[in-house]
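Structure first, commentary second.
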Amino acid sequence: MTQFGKGCHLHLIDGSAFIFRAYHALPPLTRKSDGMPIGAVSGFCNMLQKYVEDNAGPDAPTHVAVIFDKGSHTFRNDLYDQYKANREAMPEDLRPQIPLTREATIAFNIACKETEGYEADDIIATLACQAREAGGRVTIISSDKDLMQLVGDGVEMFDAMKNRRIDREGVMEKFGVAPDRVVDVQALAGDSVDNVPGAPGIGIKTAALLINEYGSLEELLDRAEEIKQPKRRQTLIDKREQIELSKKLVQLDCNTPLDYTLDDLEVREPDPDTILGFLSKMEFRSLTKRIADSLGADAPVIAETAPQAAPEAAAAPEFPAIDPESYTWVKTAEDLAPFIAEAHERGWVAVDTETTGLNEMACDLVGVSLCTTAGKACYIPLAHRSAATDDLFGSDDLAEGQIPMQEALDLLKPLLEDPAVMKIGQNMKYDLKVLARYGINIAPFDDTMLMSYAMHGGLHGHGMDTLSERYLSHEPIPIKSLLGSGKSMITFDRVPVADAVKYAAEDADITLRLWQIFKPQLSPKKVTRVYEGLERPLVPVLAQMEMAGVEVDRATLSRMSSAFAQKMAALEAEIHELAGETFNVGSPKQLGEILFDKMSLPGGKKGKTGAYATGADVLEDLATEHDLPGRVLDWRQLSKLKSTYTDALQEHINKDTGRVHTSYVISGAVTGRLSSTDPNLQNIPIRSEEGRRIREAFVAPEGKTLVALDYSQIELRILAHMADIGSLKQAFRDGQDIHAMTASEMFNVPMEDMTPEIRRQAKAINFGVIYGISGFGLARNLRIPRGEAQGFIDRYFERFPGIRDYMDDTVAFAKEHLRVETLFGRVINTPEIAAKGPRAGFAKRAAINAPIQGTAADIIRRAMVRMPDAIDGLPAKMLLQVHDELLFEVETGAEDDLIKAAKSVMEGAAEPVVKLDVPLVVDAGMGRNWAEAH
DNA sequence: TGATTCACG
DNA sequence: GACGTACGTGAATCAG
C-alpha cells in the first residue's frame with residue numbers, strides 16, 4: 001500500500017453529475033424482466049466504463065473515488081432556508097435508480113463515498129485539500145462551476161462531456177478571476193439554480209470587474225461608498241448581509257468529517273465476478289460483453305425474456321409465495337436496524353400503520369409494518385395491550401416484546417422523512433394523517449391505491465383485498481378474523497401481537513409487491529402524469545383539509561332537530577288521520593300498500609321486488625289526487641334533514657378539535673371526482689329553503705370568515721370546448737346567459753323576449769346533453785310528453801351539430817378502446833360499453849358524460865394541488881371541496897387577498913397543459929356561515 | 001345485505 | 001319492435 005503523497009494522483013468523480021447526465025441523455029429504458037427503470041444506471045455504468053478506459057494510460061490515477069450527495073438537509077439549509085429551494089423534485093423513475101448507482105460503483109471496485117448531511121461538493125473539497133497538502137495531484141471529474149474554486153496548486157478539473165481539462169486559465173476564462181476569488185464572484189452574482197441570492201442586478205461579468213478592482217469581496221463591501229454607479233453602490237450597501245450570506249453558501253467546506261483517509265481510495269482492480277454479476281443482473285447485454293472482453297473473462301449469459309407483445313403485458317416480477325409465518329416480530333431496536341438499513345440501501349420501503357380505529361382523527365397508533373423485499377416484512381408493535389389473566393376485557397398494561405413508542409418513532413422518523421427513500425403505501429392519506437399526529441411527515445411516497453386508480457379506474461375497486469386477489473392471486477388475512485365483528489369487536493391494540501405480526505406485515509408485503517407490479521406499468525399506460533400530477537400530490541393537500549376540519553355549531557343543529565321533530569310528529573298524525581290507520585310513514589312498502597291497495601290511487605307500479613314505487617316523482621303526481629302524498633313528501637324531507645344532517649352531523653363533531661372532519665376518497669368516483677364520507681360534506685342541502693338553513697350551522701370561528709369560490713358552469717364550458725361549438729364558446733367569451741342563449745337559438749326567440757319558462761327548458765336540455773341525453777329522460781325531467789322532448793333534442797342537435805358529433809365520436813372511441821379520456825389524459829375504463837341490452841345504454845351515456853365530468857374534476861384537482869403555495873402567507877385555510885366549489889376559512893380582513901389569490905389559481909387551473917377556448921369563471925362569496933358565503 | 005329514497009354537483 | 005334510460009356520489013332506513 002502506498003501512502004498518499006508526492007507523485008500520487010487522486011481522481012474525484014462527481015457522482016451526482018454523472019447520474020443526472022446519464023438520466024437526461026438516455027431514453028427511459030426499463031429492465032426487460034420486470035420493467036424496473038434502469039436508463040440512468042445504464043448510462044452511469046457506461047460513463048464509468050469509459051472513464052476507466054480513458055484513464056488506463058501513463059497518467060493513470062493512483063487513487064480514485066466517486067462522491068455522492070446524501071440527505072437533502074445540509075448546513076447551508078440552516079444558514080438559508082431557501083437554499084436549493086426551487087430545485088425540481090427528482091423524477092420519479094430516477095429515484096429507485098439512485099441506490100443502484102452506488103451498487104454499480106462498488107461493482108466497478110471504485111471507492112464509493114457519501115456522508116449524511118453533506119453535499120458531494122464539500123467532500124470533494126475536503127479530499128482535494130487533503131491531497132494537495134500531502135503534495136499530490138488532484139483531478140476532479142466534473143464541470144460544475146461550484147467546484148472551480150478548488151482549482152490551482154495541483155488541482156485541476158476535467159469535463160468528461162467536452163473531454164476538456166479545466167485549469168487556472170479555464171477558471172479565469174469562466175469567472176474572470178483567479179480560482180481563489182471565484183467564491184467572491186459567485187457571492188455577488190448569485191446562482192438561480194441553487195437559489196443563492198447574490199446581489200440583485202450583478203452578474204458574473206460585473207462581479208469579476210468589481211473583484212479585480214478591489215481585490216476581494218470584503219474590501220469591496222467595506223469600500224462600497226466609493227463606487228461611482230449609484231444603483232450598484234446602493235445595492236452593495238443595502239444587500240451586504242445577503243451577499244455575505246451568499247458567500248457562505250458558495251464557499252465549499254474543506255473540513256468535512258470523514259471516517260476514511262486518502263489511502264483508502266487507492267485504485268483497485270475490478271473483480272470480474274462482481275462486476276459481471278452486477279451488469280448481468282441489470283441485464284445490460286452489450287456492456288456486460290464489452291467489459292467481459294476487456295477483463296478477459298467469459299460474459300455471463302443473460303436470459304432472453306420474450307419481447308413484450310404489448311406494453312400492458314409487462315411481465316410481473318417473480319415473487320416468493322406470501323407466507324405469514326415468515327414475518328419478523330420486531331421486539332427491540334436491534335431487530336429493527338436491519339430493516340431500516342435495507343430501506344436506505346434500496347431507496348424504498350413499504351409502510352403500513354395499524355391503529356385502534358378507522359377514523360384517523362380519533363384513533364391511536366398501535367403498530368407499524370415495513371417491507372423492503374417481497375416476502376421479507378416486519379411488524380413493529382407499539383401499543384398492544386397484554387392479555388389479562390383474570391378478566392375478559394384484557395388489561396391496560398402494554399404487551400411484552402414492544403419497543404417503547406417514542407424510541408421506535410425516533411428510529412422511524414429519519415427513514416420516513418428521508419427524501420432519498422420512497423415510502424410505499426396503500427391509501428397513504430390514512431398513514432400520513434395518523435403519523436402526522438405523532439410528528440412524522442412522510443415524504444416522498446407512492447400509493448398503490450392511486451396507481452391502480454390511475455390505471456384501472458372503472459374496471460374494479462382499488463382496496464387492498466381487491467388488488468391482492470386480482471394482481472397477486474392471494475387472499476389477504478381478513479381483518480375480521482382478528483377483530484371479530486359486531487358488538488364483540490375488539491380494537492387492534494387488543495389483538496395478540498403474534499397474530500398482528502402476520503396480518504400487518506402481510507399488508508406491507510402485499511403493498512410492496514403491488515408497487516413493483518404497478519410502478520413500471522404507469523408509463524406504458526400513459527398515466528404517469530395523471531398519477532404524479534393529479535392523484536399523488538392531492539394526498540397531502542386533502543390530509544391538511546381533513547385535519548383542519550370545519551366548525552359546526554352544535555346548538556344550531558340541535559335547535560333545528562327539535563323543530564323538525566315537532567313538525568314531523570304533527571305531519572305524522574295528519575298522515576295517519578288521512579290514511580285512516582297508523583303505519584310506519586318511513587316504510588315505502590307500507591306506504592305503497594296504503595296508497596295503492598287501500599286507497600286505490602292510480603299509477604301504482606311495482607318494482608323488481610314487488611313493492612310499489614313511492615319515490616318523490618310518484619308522490620308528486622299523486623299530490624293532485626289526494627292530500628296524503630304531499631304530507632308524506634313534507635315528512636320525508638324533514639326526516640331526511642333530521643336524520644342525515646341535524647342529528648348525524650352532531651355525532652361527527654370531534655371531541656378534541658370541536659370541528660367536523662370529513663374524509664375524502666380520492667379513488668371514490670370513476671370520473672376523477674372526489675367523494676366525501678364520514679360525514680359526507682358534499683351533499684349538505686342547498687336546493688330547498690328549509691334544507692339550506694342547515695348551512696347556517698357551518699360557521700367561521702370568532703375573527704374569521706368563510707369564503708366560497710365556485711366554478712360557473714364548468715361542465716358546459718368544457719363541453720363547448722371539447723365539442724368545439726363556436727356559438728356556445730362565443731357566448732361564454734361574451735359572458736352571456738348560456739341557458740337563455742341556448743333557448744334563443746333553439747326556439748328562435750330573441751334574447752330580449754326570453755321567458756323564464758323557455759329558459760328553464762333550455763337549461764334542462766343543456767344539462768341533459770352533459771348526461772348523455774335521451775328523449776325519455778328529458779321528458780321525465782321536464783314532465784312533458786316524450787315526443788315533445790324528442791322534438792327539443794332534435795332541434796338542439798340541428799342548431800349545435802357539433803354536440804352530436806362529439807357524442808358519436810366519444811361512444812365510438814369507447815367502443816374501440818374500452819375507455820375514454822379527459823383532456824388531461826385521465827383514463828376512465830368503460831368495459832360495459834361492449835355489453836348488450838339495456839346495459840349498453842347506461843354505458844353509452846356514462847362514456848359521454850365521463851370526459852366532461854372528469855375534465856372538470858381534473859381542473860379543480862389541479863387548482864387544489866396548487867392552492868397551498870398560492871395562499872402561502874395568507875391567514876387562510878382550504879377546508880372543503882364540493883366538486884366545483886372550494887370553501888376556505890380566512891382571518892377577517894384578509895378575505896379579498898384570499899379571493900384574489902385563490903380565484904386566479906382556479907381560473908388558470910387548466911393551464912398550461914390544456915388551453916381552453918373558453919374562459920373559466922369563478923364566483924366568490926363570503927359570510928359568517930356557509931349559507932351566507934354562497 | 002340489498003333495495004329504496006333522497007341530499008348534493 | 002320492445003325494453004328501459006338522464007351522469008356521478010354517500011347515508012339512512014326498512015325488510016328479509
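To find a chain, count down the sequence lines: A is the first, B the second, and so on, and within it residues start at 1.
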Query raised in the report: Within the structure shown, what part of the strands sits under 4.0 Å from S643(A) by heavy-atom distance: base, sugar-phosphate, or nothing?
Result: sugar-phosphate

Requested in this report: Taking heavy atoms of chain A and a 4.0 Å limit, find me the 5'-most and 3'-most nucleotide of DNA chain C within that range.
Outcome: dG4(C) to dG16(C)

**Report entry** 5′-ward residue of the pair I770(A)/A648(A) relative to DNA chain C
**Finding:** I770(A)

Query raised in the report: dA7(B) and dC3(C): how far apart are their P atoms, nearest whole angstrom?
Result: 31 Å

**Report entry** Distance, P atom - from dC6(B) to dA2(C), rounded to whole angstrom
**Finding:** 31 Å

Query raised in the report: Which part of the nucleic acid, if any, lies within reach of D710(A) when heavy atoms closer than 4.0 Å are counted: base, sugar-phosphate only, or nothing?
Result: nothing

Query raised in the report: Are Q637(A) and S688(A) close enough that a side-chain donor and a side-chain acceptor fall under 3.5 Å?
Result: yes

Requested in this report: Indicate, with a heavy-atom threshold strictly under 4.0 Å, whether R786(A) touches base, sugar-phosphate, or nothing.
Outcome: base

List the atom pairs, with distances to 0.1 Å, where a side-chain N or O of residues 760-773 of chain A and a protein N or O form a donor-acceptor pair under 3.5 Å, not counting sequence neighbours.
residue, atom, partner, partner atom, Å
R760(A), NE, E757(A), OE1, 3.4
R760(A), NH2, E757(A), OE2, 3.3
N766(A), OD1, Y796(A), OH, 3.0
N766(A), ND2, H739(A), ND1, 3.0
N766(A), ND2, T742(A), OG1, 3.0

Report task. Would you mind telling me which residue lines up with the more 5' stretch of DNA chain C, S639(A) or S676(A), judged by nearest nucleotide? Result -> S676(A)

Report task. Scan residues 790-814 of chain A against DNA chain C and write down, sorted by residue number, each residue with any heavy atom closer than 4.0 Å; if none is found, say none. Result -> none

Query - Test: D621(A) and R783(A) ion pair at under 4.0 Å - result: yes

Requested in this report: Mark yes or no: R799(A) above the aromatic ring of F797(A), with NZ or CZ under 6.0 Å from the six-membered ring centre and no more than 45 degrees from the axis.
Outcome: no

Query raised in the report: Does a donor on one side chain sit under 3.5 Å from an acceptor on the other, for T556(A) and D553(A)?
Result: yes

Query raised in the report: Salt bridge or not for E690(A) and K640(A), using N-O below 4.0 Å?
Result: no

Query - Spacing of I694(A) atom CD1 and W930(A) atom CH2 [to the nearest 0.5 Å] - result: 11.5 Å

Query raised in the report: So does E469(A) have more than 12 non-hydrogen atoms from other groups sitting under 6.0 Å from CD?
Result: yes

Query - Contact list for residues 604-649 of chain A, test ring pair (Phe, Tyr, Trp, His ring centres under 6.0 Å), sequence neighbours left out - result: F596(A)-Y612(A)

Query raised in the report: Just one of I860(A), L879(A), V922(A) clears the side-chain contact (heavy atoms from CB on, under 4.5 Å) bar with L886(A), so which one?
Result: I860(A)

Query raised in the report: Hey, does A789(A) reach any base, or is it just sugar-phosphate, or nothing, if we go heavy atoms under 4.0 Å?
Result: nothing

**Report entry** Full working for side chain to side chain contact (heavy atoms under 4.5 Å, CB included) between F732(A) and L716(A)
**Finding:** CA-CA 9 Å; F732(A) 277 125; L716(A) 267 181; 3.8 Å; yes

**Report entry** Canonical and wobble pairing (Watson-Crick, G-U, under 3.5 Å) of DNA chain C, dot-bracket with |
**Finding:** ......|||||||||.

Report task. Determine the contact category for G768(A): base if any of its heavy atoms lies under 4.0 Å from a base atom, sugar-phosphate if only primed atoms, P, OP1 or OP2 are that close, otherwise nothing. Result -> base

Report task. Look at all strands and tell whether F842(A) reaches a base, only sugar-phosphate, or nothing, counting heavy atoms closer than 4.0 Å. Result -> sugar-phosphate

Query raised in the report: Which part of the nucleic acid, if any, lies within reach of V670(A) when heavy atoms closer than 4.0 Å are counted: base, sugar-phosphate only, or nothing?
Result: sugar-phosphate

Requested in this report: For E696(A) and N929(A), indicate whether the former's side chain and the latter's backbone hold a donor-acceptor pair under 3.5 Å.
Outcome: no

Query raised in the report: Any sub-3.5 Å donor-acceptor pair from R695(A)'s side-chain atoms to P685(A)'s backbone N or O?
Result: yes

Report task. Determine, for E715(A) against R673(A), whether the closest basic-nitrogen to carboxylate-oxygen distance falls under 4.0 angstrom. Result -> yes

Report task. Determine the Euclidean distance between corresponding P atoms of dA3(B) and dT5(C); express it in Å to zero decimal places. Result -> 14 Å

Query raised in the report: Which letters describe nucleotides 4-9 of chain B, given B = protein heavy atom under 4.0 Å from base, S = only from sugar-phosphate, - = neither?
Result: SSBBBB

